[in-house]
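Here is the structure we will look at, set down as structure tokens.
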Protein chains: 2
Amino acid sequence: MYPNFIQHLKNHISLTEDDIKVLSTYVKIKSIKKKEFLLKEGQICKGNYFVETGLLRMFYINEKGTEQITQFALENWWLSDYMSLMMQAPSKFYLQTVEDSEIAVIEHQEQEELFKKLPQLERYFRIMMQRAYAASQMRVKYFHDFSKEENYRQFVSLFPKFIQRIPQYMLASYLGITPEYLSELRKKHP
Amino acid sequence: MYPNFIQHLKNHISLTEDDIKVLSTYVKIKSIKKKEFLLKEGQICKGNYFVETGLLRMFYINEKGTEQITQFALENWWLSDYMSLMMQAPSKFYLQTVEDSEIAVIEHQEQEELFKKLPQLERYFRIMMQRAYAASQMRVKYFHDFSKEENYRQFVSLFPKFIQRIPQYMLASYLGITPEYLSELRKKHP
DNA sequence: TAAAAAACTTAAGCTGGTTTAAGAAATAAT
DNA sequence: ATTATTTCTTAAACCAGCTTAAGTTTTTTA
């Protein structure tokens, strides 16, 4: 059952065979084609999503009608609109696959029940949320600290394989620049 | 013992009198004068900090030698450099009181022991970290979405009391603008 | 394999926000 | 109360990154 998912849990908490059976009744895996949506603006976010294989992006549409990507999620990352999930309020975001993906889903409705049966999951998600928040704290720093050009160069040198999986305009959007300006930067520094 | 702190825990998990006694042996409260540091760049972050009363700020110093504030923490918020705390690696941030403050501290060394004695705390911190991360997701959106001027106006209208507790240059730093430009915005839109 | 659609590039003009430098006002210390 | 320090303001020159508009290349679809 979903090798990455189970291994990822086992890296942080201990699970018996029985625990895994319980998990498998609560955690559904979905195979999702490229460019399908898990969430659209205005909908209430219903699940927490783990990328078993593939790639997710989170974005919103600004006043000018252009997509602004706020996050990507690669293999072994959780992603959701946690504000919408917690408050059960309409989301301002879209969640969409960038590639054909296998996504493990914990439905919000069933989460409390699952956590009661497997209380270790509270610890697991405490660690996941702390890790995500820590990454976010660092990202705020880089965002403020570096110019767009420096940000671009850093991203390319840190994630050379990742940038080959996404179109340029998505990288531009994530970096908060126009595709035109990214094109200029690439010419200047190939 | 620290009314805000205990009440805050009780809002999310149940605690017996005995639990509270255990807590009081692990959670120290510190009275800290304005402008003292809980963490400086280069140090390894040693604790998770809860603001009982007062105000904390987190900032770093950029290449130009100017302070860039990344976060504030008011009453009933937790704050730490979670990357430094998790990895026990040198921090790139400073944590400093903005006002005289009472801060409840969970030392990193003792955290695992405390969590073993009070496993409900895993749930409590899972919720706290999820909440912080959710706020951070929204902040990334606002940061991208609004111009500096719109960001300033929104901040003022959302937190009118808060801005009276901090000097203008700290607001400018948090918003990612120069004090000169903030001054211009204030003149334009008092 | 041809046509349509999506993604990327080029270049000129423009703007939101910075820099620099000086002075004014408020707060803290003696 | 006076001085020193910190905070805030003003204004002009400047620049990183955007906009607009057109053209080119790559990918997808029929």
Side-chain angles (χ1 to χ4, degrees), chain A residues 33-37 55 57 59-69 72 94 96-100 140 142-156 162-190, chain B residues 33-37 55 57 59-69 72 94 96-100 140 142-156 162-190:
Chain A
K33 285 260 168 72
K34 188 175 175 171
K35 293 192 182 172
E36 283 187 29
F37 288 91
L55 176 58
R57 67 172 181 145
F59 67 95
Y60 64 91
I61 296 188
N62 63 23
E63 310 105 54
K64 291 165 199 154
T66 63
E67 295 174 358
Q68 176 61 55
I69 296 175
F72 291 107
Y94 297 78
Q96 189 191 31
T97 50
V98 176
E99 307 170 347
D100 294 353
V140 170
Y142 291 131
F143 200 87
H144 274 292
D145 212 7
F146 296 157
S147 70
K148 304 290 187 175
E149 178 165 0
E150 286 169 327
N151 249 158
Y152 159 67
R153 291 197 195 181
Q154 173 139 111
F155 195 93
V156 168
F162 177 66
I163 58 167
Q164 292 168 355
R165 292 170 66 177
I166 56 170
Q168 301 279 332
Y169 78 89
M170 284 195 190
L171 175 56
S173 174
Y174 180 76
L175 293 173
I177 61 180
T178 58
E180 292 86 352
Y181 189 53
L182 177 56
S183 193
E184 211 169 279
L185 293 180
R186 282 164 49 82
K187 186 171 53 171
K188 206 158 68 173
H189 181 81
Chain B
K33 286 260 168 70
K34 187 174 175 172
K35 293 193 182 171
E36 282 187 30
F37 289 92
L55 176 57
R57 66 172 181 145
F59 68 94
Y60 65 91
I61 297 189
N62 63 23
E63 310 105 55
K64 290 164 198 154
T66 63
E67 293 174 359
Q68 176 61 57
I69 296 175
F72 290 106
Y94 296 79
Q96 189 192 31
T97 49
V98 177
E99 308 170 347
D100 294 352
V140 170
Y142 292 131
F143 199 86
H144 274 292
D145 213 6
F146 296 157
S147 69
K148 304 291 187 173
E149 177 164 3
E150 286 169 327
N151 250 156
Y152 160 68
R153 291 197 196 181
Q154 171 139 114
F155 195 94
V156 168
F162 177 65
I163 56 166
Q164 292 166 357
R165 292 169 67 176
I166 55 169
Q168 301 278 331
Y169 76 90
M170 284 195 190
L171 176 56
S173 174
Y174 180 76
L175 293 173
I177 61 179
T178 58
E180 291 85 353
Y181 189 52
L182 177 56
S183 193
E184 212 167 277
L185 293 179
R186 282 164 49 82
K187 186 170 54 172
K188 205 158 72 173
H189 182 81

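Chain letters run A, B, ... following the sequence lines, proteins first, then strands; residues in each count from 1.
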Mind telling me whether A:Phe59 and A:Tyr94 have parallel, tilted or perpendicular rings, with 30° and 60° as the class edges? parallel
When you look at A:Arg57 and A:Glu67, which way does the salt bridge (Lys or Arg N to Asp or Glu O under 4.0 Å) test go after all the steps? CA-CA 11 Å; A:Arg57 67 172 181 145; A:Glu67 295 174 358; 2.8 Å; yes
Verify, without hydrogens or angle tests, whether A:Ser147 (side chain) and A:Glu150 (backbone) share a donor-acceptor contact under 3.5 angstrom. yes
Using a cut-off of 4.0 Å between protein heavy atoms and nucleotide atoms, how would you tag nucleotides 6-19 of chain D 5' to 3' with B, S and -? -SSBBS----SBSB
Rounding to a whole Å, what distance do you find between A:Leu171:CG and C:dT9:P? 11 Å
Report yes if the distance between the aromatic ring centroids of A:Tyr152 and A:Phe146 is under 6.0 Å, otherwise no. no
If we fit an axis to the first five pairs and another to the last five of the helix from C:dT1-D:dA30 to C:dT30-D:dA1, what angle do they make, to the nearest 10°? 60°
Return the minimal non-hydrogen interatomic distance between A:Leu182 and A:Gln168, and the atom names on each side. CD2-O, 3.4 Å
Given the rule in the salt bridge (Lys or Arg N to Asp or Glu O under 4.0 Å) test, do B:Glu149 and B:Arg153 qualify, once you have shown the distances and angles that lead to the verdict? CA-CA 6 Å; B:Glu149 177 164 3; B:Arg153 291 197 196 181; 2.7 Å; yes
So which atom in A:Val98 and which in A:Arg165 form the shortest heavy-atom distance, rounded to 0.1 Å? CG1-O, 4.4 Å
When the ring planes of B:Phe143 and A:His144 are compared, do they come out parallel, tilted or perpendicular, using 30° and 60° as the limits? perpendicular
Mind calculating the distance between NZ (A:Lys188) and P (C:dT9) to the nearest angstrom? 15 Å
